[in-house]
There are 2 protein chains.
Amino acid sequence: MRDGLNIKWPEGLKRTKARECVLSVLKDSNRPLSAMEIFEEIEGRGHTIWLSTVYRVLDAFEEKGLVIKTSLLNNELTLYDLKATGHRHYAVCVECHKIVTMTNCPMKDFKPSFKDDEIEVIGHKVEVYGYCKDCR
Amino acid sequence: MRDGLNIKWPEGLKRTKARECVLSVLKDSNRPLSAMEIFEEIEGRGHTIWLSTVYRVLDAFEEKGLVIKTSLLNNELTLYDLKATGHRHYAVCVECHKIVTMTNCPMKDFKPSFKDDEIEVIGHKVEVYGYCKDCR
DNA sequence: TTTTAATTGCAACTGATTCGCAACTACATC
DNA sequence: GATGTAGTTGCGAATCAGTTGCAATTAAAA
């Protein structure tokens, strides 16, 4: 559960039960979730939804900038989180796949330089992997 | 084509035609390649190979530490490169998917801090995205 | 209340990757 | 050089996360 997120319903999206459910699950989670986890949480709360609908809702939310999609561990994990939680990076335990939020960002004050072209940078992704307390 | 890579044949792997082909294609490329690109390049050179074999060879090479597998753009791209080219990161053009090598690393001299756990860091991945010269 | 475009339920599909297994081959041994 | 055999590959079938098509449903504008 997280409070203090100021989330406005994205313009142009109808307020449907499926979308409310997905948004609510994301709000209540303190970590990014996979589509399957979101699906199971919604079912667990006694609602009915289809996994394909979860994907479609997440796509729509991502397009509206409400949600960020992140893949970790070379595609083993694809996770979704509210953008309102702010710019952040994650560390993944290679053993148990626990996700730990990083509280700083290496790209702050860093200027990438390139070899054969000059890239106009619009974003970046940082992923740290290692062992969590329980797994080492 | 790249010279100066000191690559020794990994211990415990038989020297087969399929593996020689894959290794040679990786050596000759100046950028990371997808399994499909490697497959097509081998076919283009007049050899025969199966895509599943390419995957198996790449897996074996990765396990032996000869090759590094990297996924970019949330799984849109999965690429393989020789580890001998050294520690490096890539920038991807979100438009044309051109891959540009970064010549520096933001994680050098950076100490990540974590929120709910202490991760023993064993590695990291950095991905920069933006627009290349041709696409902006 | 009516209208209608957006959304969902549902099932079938896709594309990248993996798997199973028989046939083959590199290479150690005779 | 011939032989044995564990490791490898050819080949196709299977898998699996995610996507798509379409008819039925629904939010919300009129």
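This structure is a prediction, so every number in the text was calculated from the model and none was measured.
- Here the P atom of nucleotide D:dA17 and the CG atom of A:L79 are 14 Å apart, to the nearest Å.
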For residues 11-19 of chain A, dump all side-chain donor-acceptor pairs below 3.5 Å to protein atoms at least two apart in sequence or in another chain.
unit_1: A:T16; atom_1: OG1; unit_2: A:R19; atom_2: N; d: 3.3
unit_1: A:R19; atom_1: NH1; unit_2: A:K14; atom_2: O; d: 3.1

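- The distance between atom CH2 of A:W50 and atom P of D:dG21, rounded to the nearest whole Å, is 18 Å.
- Taking a heavy-atom distance under 4.0 Å as the criterion, the stretch of DNA chain C touched by chain A extends 5' to 3' from C:dA5 to C:dA11.
- Taken together through direct or relayed side-chain contacts under 4.5 Å among Ile, Leu, Val, Met, Phe, Trp and Tyr, B:W9 and B:L82 form part of one hydrophobic cluster.
- A:L51 comes within 4.0 angstrom of nothing in the nucleic acid, heavy atoms only.
- Taking only side-chain nitrogens and oxygens, B:T16 comes nearer than 4.0 Å to OP1 or OP2 of D:dT9.
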Decide yes or no on side chain to side chain contact (heavy atoms under 4.5 Å, CB included) for A:L58 and A:L26, but give the supporting numbers first.
-> CA-CA 10 Å; A:L58 289 169; A:L26 286 172; 4.2 Å; yes

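- Only B:R56, B:D59, listed by number, bring a heavy atom of residues 56-68 of chain B to less than 4.0 angstrom from any atom of DNA chain C.
- Scored by the salt bridge (charged side-chain N to carboxylate O under 4.0 Å, His left out) test, B:E41 finds B:R45 as partners (sequence neighbours excluded).
- Between B:Y80 and B:L13, the one whose closest nucleotide on DNA chain C sits nearer the 5' end is B:Y80.
- Note on the helix from C:dT1-D:dA30 to C:dC30-D:dG1: terminal axis deviation equals 30°, with five pairs used at each end and the result rounded to 10°.
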What donor-acceptor contacts under 3.5 angstrom involve side-chain atoms of residues 126-136 of chain B, with partners at least two apart or in another chain?
unit_1: B:E127; atom_1: OE2; unit_2: B:L73; atom_2: N; d: 2.7
unit_1: B:R136; atom_1: NH1; unit_2: A:E118; atom_2: O; d: 2.8
unit_1: B:R136; atom_1: NH1; unit_2: B:Y131; atom_2: O; d: 3.3

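- For the atom pair A:D59 CG and A:S52 OG, the distance stands at 11.0 Å (nearest 0.5 Å).
- Atoms SG and CZ, from A:C21 and A:F39 in turn, are 12.0 Å apart once rounded to the nearest 0.5 Å.
- Separating the CZ atom of A:F39 from the C1' atom of D:dA17 is a distance of 14 Å, rounded to the nearest angstrom.
- The separation between A:N75 atom CG and D:dC16 atom C1' is 13 Å, rounded to whole Å.
- At least one donor-acceptor pair closer than 3.5 Å links the side chain of B:T103 to the backbone N or O of A:S113.
- B:S52 comes within 4.0 angstrom of a base, heavy atoms only.
- Here the closest heavy-atom approach between residue B:M102 and residue A:P112 is recorded as CE-CB, 3.7 Å.
- Taking atom CD on B:E20 and atom P on D:dT8, their separation rounds to 13 Å, with Å as the unit.
- The separation between A:L73 atom CG and D:dA17 atom P is 15 Å, rounded to whole Å.
- A:H124 and A:H87 are linked by a side-chain donor-acceptor pair at a separation below 3.5 angstrom, with hydrogens and angles left out of the test.
- Rounded to whole angstrom, the span from the CG atom of B:N74 across to the P atom of D:dA17 amounts to 17 Å.
- For the 3.5 Å distance criterion, the side chains of B:Y90 and B:D81 qualify, holding a donor opposite an acceptor.
- By the neighbour-count criterion of 12 heavy atoms within 6.0 Å, atom CD of A:E63 is sparsely surrounded, having that number or fewer from other residues, nucleotides or ligands.
- Between the CD atom of B:E76 and the P atom of D:dT19 there is a distance of 10 Å, given to the nearest Å.
- Both B:R19 and A:A35 lie near DNA chain D, and the one whose nearest nucleotide falls closer to the 5' end is B:R19.
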